[in-house]
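One structure is given here, and the rest of the page talks about it.
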There are 4 protein chains.
Amino acid sequence: MDTALELFAENGYHSTSISKIAQKAGISKGLTYNYFESKTDILNEIMDQGFNEIYDNLDINHDGILSEDEFIYFIKQNFKLIRDNMQHWKLFFSLMLQPKVSAAFAQKYEEKVGPILNLFFGFVQSSGSKNPESDFMAISSMLEGAFLYCVAAPDMFPLEKLEEAVIQSCFKILKG
Amino acid sequence: MDTALELFAENGYHSTSISKIAQKAGISKGLTYNYFESKTDILNEIMDQGFNEIYDNLDINHDGILSEDEFIYFIKQNFKLIRDNMQHWKLFFSLMLQPKVSAAFAQKYEEKVGPILNLFFGFVQSSGSKNPESDFMAISSMLEGAFLYCVAAPDMFPLEKLEEAVIQSCFKILKG
Amino acid sequence: MDTALELFAENGYHSTSISKIAQKAGISKGLTYNYFESKTDILNEIMDQGFNEIYDNLDINHDGILSEDEFIYFIKQNFKLIRDNMQHWKLFFSLMLQPKVSAAFAQKYEEKVGPILNLFFGFVQSSGSKNPESDFMAISSMLEGAFLYCVAAPDMFPLEKLEEAVIQSCFKILKG
Amino acid sequence: MDTALELFAENGYHSTSISKIAQKAGISKGLTYNYFESKTDILNEIMDQGFNEIYDNLDINHDGILSEDEFIYFIKQNFKLIRDNMQHWKLFFSLMLQPKVSAAFAQKYEEKVGPILNLFFGFVQSSGSKNPESDFMAISSMLEGAFLYCVAAPDMFPLEKLEEAVIQSCFKILKG
DNA sequence: GATGAATGAGCGTTCATTCAT
DNA sequence: TATGAATGAACGCTCATTCAT
């Protein structure tokens, strides 16, 4: 699966053949089908793995409330997770743009990301924003965009500075 | 080409076969090769078309300076262009994440987008920002993220409100 | 037809497309089919042209008898014809080896070449050979081989010397 | 490979499709590519096989000198090899006439055949010929032509008589 | 558990041929 | 007479998948 993820992220799902995965993983092509039902299945399991890894490490607490420090920690952790799981994210972003590749993706994404967005929206509301819906959109966009830069053009901005800029701008938006 | 763009955007470049394009366009597979040299050629021509369409309509003026009104107009125009060329943008985002698909993309992208970013950075600098580099990153990310939402999850946020939120937040960041 | 011959001889019948022929001849692909019924038809007409050109120039006299001088002249003329119609010969040799390409070839070849061989055999018989059948085979082979060298490896032997060697050896065989 | 050789020799390289080879061999088209990398690869391996088979059986001794008996044996062996590997020879002759089919052919041919021709020329020189260059050309042509008759028109001359005629004529030429 | 030979559908592409103009 | 848009079958080749071992 690690091998598959690597190749999917690097070359794309369709350009990666089972042969190449098996070869790089040092096993036979046939054995792949003892572990996975199909190529799509590999993708699905990678997605599950990725979602879990990200979600497990993001879920700060379950009281459903983020303090300001937790919000900052949340964003930093998110940047860290991207750096540590670049390939998963790269794959996720590309799947997001081609929903027909995996019908399962949209559903799983909503399941996992929905609660996070709610937690997130709650923080925006409780932070004194005058227009929470608007600020939530702006901040979500900024984060999404920053993550996209991390993944697709990591050389464009220095990641630590990008992280810092995003956090500060979040508060400018909220307090603004 | 319109048919090809539609399918590329919807299903991705690799998942779209020449057969499907020809079939959907109502012509024979062979005829495709009277118009295009190869599948890659189709992609390249679509990219050129898209870049030109977007770039031609974005280029506000050539004095290299954006006033505040022009900046706002610039962003609004950008959102409009996304709505009007959703498929091109969808394709572009997906190519951005799979650079191996088309070596030509990265180069063309840089040629077209580079000057815009410079124009853009100039505005941030001249707008009284205390930390132009940082604000530029935040604003670029926000725009990129907003565009990604438009393209990949257009139902998530109402696009007009997203647009409004982004513009306002830009100024919060700059003045903040 | 000249264009087609050139391309057939250079690249082979199957590697030469109607498109290339038409393009090189400066006409449209469709027009080709006003002159020829099919690609095979082009080949057949080229073959006819070739056979006629060669045969017309070879037929020394019709009394059916070759004198020694005529025999020498005959061979020299043959070498000359090869040099002047290299492409026809190249094509002929290649067709000889792939009889299925053109069912017509074998028949036409026999029609044209048969009488020549008879004329030829007559000379061997009348030249004092002790074993005409045997000498005829040897001389025919030598000529055929020399022609093949001319066509397929013209740089291997200097053609004039090859010609001289062949003629002399013919007489050595006959008189030997 | 045997199937491929058969079809290549019979119909020519370009007229023989992978489908036909696979079908005649009783396997699927895809399986072909487990054994060979490409159609060209099939041709190359057939050529190697052919060259080796012929060369291995031709190399009389390595002292680089042919006695008269060895020379006769050499020619007889050559005729035998043609009879036994008719298809290889047929393929080789056709490749000789369409050098663009396989760039590898010319090179391999030279490697294998060059030394033989040298050995051969050495015999002509040491045999008392008054004009070795000339006689070498004549004899080479005669052999080449006889081989071509064997391969392209085996019904034209009885092969044993052709063989005998060629050998005798060689000596007539040399002693001439 | 593990292999890799085998398949068959599909790919991008070419090309001889047709036909409305 | 001349064009070139259009077709459809075939090409060389790839690959997800199966299965006997």
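Chain naming here is simple, since letters A, B, ... match the order of the sequence lines and numbering starts at 1 in each. Here the structure is a predicted model, which means the values were calculated and not measured. In what follows, every heavy atom counts, from backbone to side chain, and hydrogens, waters and symmetry copies are set aside.
Residue-level contact check: B/S19 touches the backbone only, with heavy atoms under 4.0 Å from sugar-phosphate atoms and none from bases. D/T16 comes within 4.0 angstrom of the backbone, heavy atoms only, and of no base. Backbone-only engagement by C/S38 is indicated by non-hydrogen atom pairs under 4.0 Å involving sugar-phosphate atoms exclusively. If you check every strand for non-hydrogen atoms under 4.0 Å, A/F36 touches nothing. At a threshold of 4.0 angstrom between heavy atoms, the contacts of A/K39 are confined to the sugar-phosphate backbone, with no base atom among them.
Under 4.0 angstrom from either OP1 or OP2 of E/dA5 there lies no side-chain N or O belonging to D/Y35. Contact annotation: B/S17 reaches the phosphate of E/dC11 (side-chain N/O to OP1 or OP2, under 4.0 Å). Taking only side-chain nitrogens and oxygens, C/N34 never comes nearer than 4.0 Å to OP1 or OP2 of F/dT1. For F/dC19, neither phosphate oxygen OP1 nor OP2 lies less than 4.0 angstrom from any side-chain nitrogen or oxygen of A/Y33.
For the salt bridge (Lys or Arg N to Asp or Glu O under 4.0 Å) test, residues two or more places apart in sequence or in another chain that qualify with C/D84 are C/K80.
Comparing D/K20 and B/L31 against DNA chain F, the residue whose closest nucleotide sits nearer the 5' end is B/L31.
Counting heavy-atom neighbours within 6.0 Å of C/Q23 CD, excluding the residue itself, gives a total of 12 or less.
Side-chain contact check for B/Q49 and B/E53: no donor-acceptor pair (N or O, by modelled atom type) lies under 3.5 Å. A donor and an acceptor atom, one from each side chain of A/N11 and A/K20, are nowhere located under 3.5 Å apart.
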Let's test your reading of the pairing rules: Watson-Crick or G-U wobble, both distances under 3.5 Å, then write DNA chain E as a dot-bracket string with ( ), [ ], | and dots. .||||||||||||||||||||
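A donor-acceptor pair under 3.5 Å is absent between the side-chain atoms of C/K24 and the main chain of C/L7, judged by distance alone.
Look at CD on D/Q23: it is 15 Å from C1' on E/dT7, rounded to the nearest Å. The nearest whole Å value for the distance from the NE2 atom in B/H14 to the C1' atom in F/dT14 is 12 Å.
Remark: D/K90 is not positioned above the aromatic ring of D/F8, lacking an NZ or CZ atom under 6.0 angstrom from the ring centre and at most 45 degrees off the axis.
Between B/Y55 and B/F51, the distance separating the two ring centers is not shorter than 6.0 angstrom.
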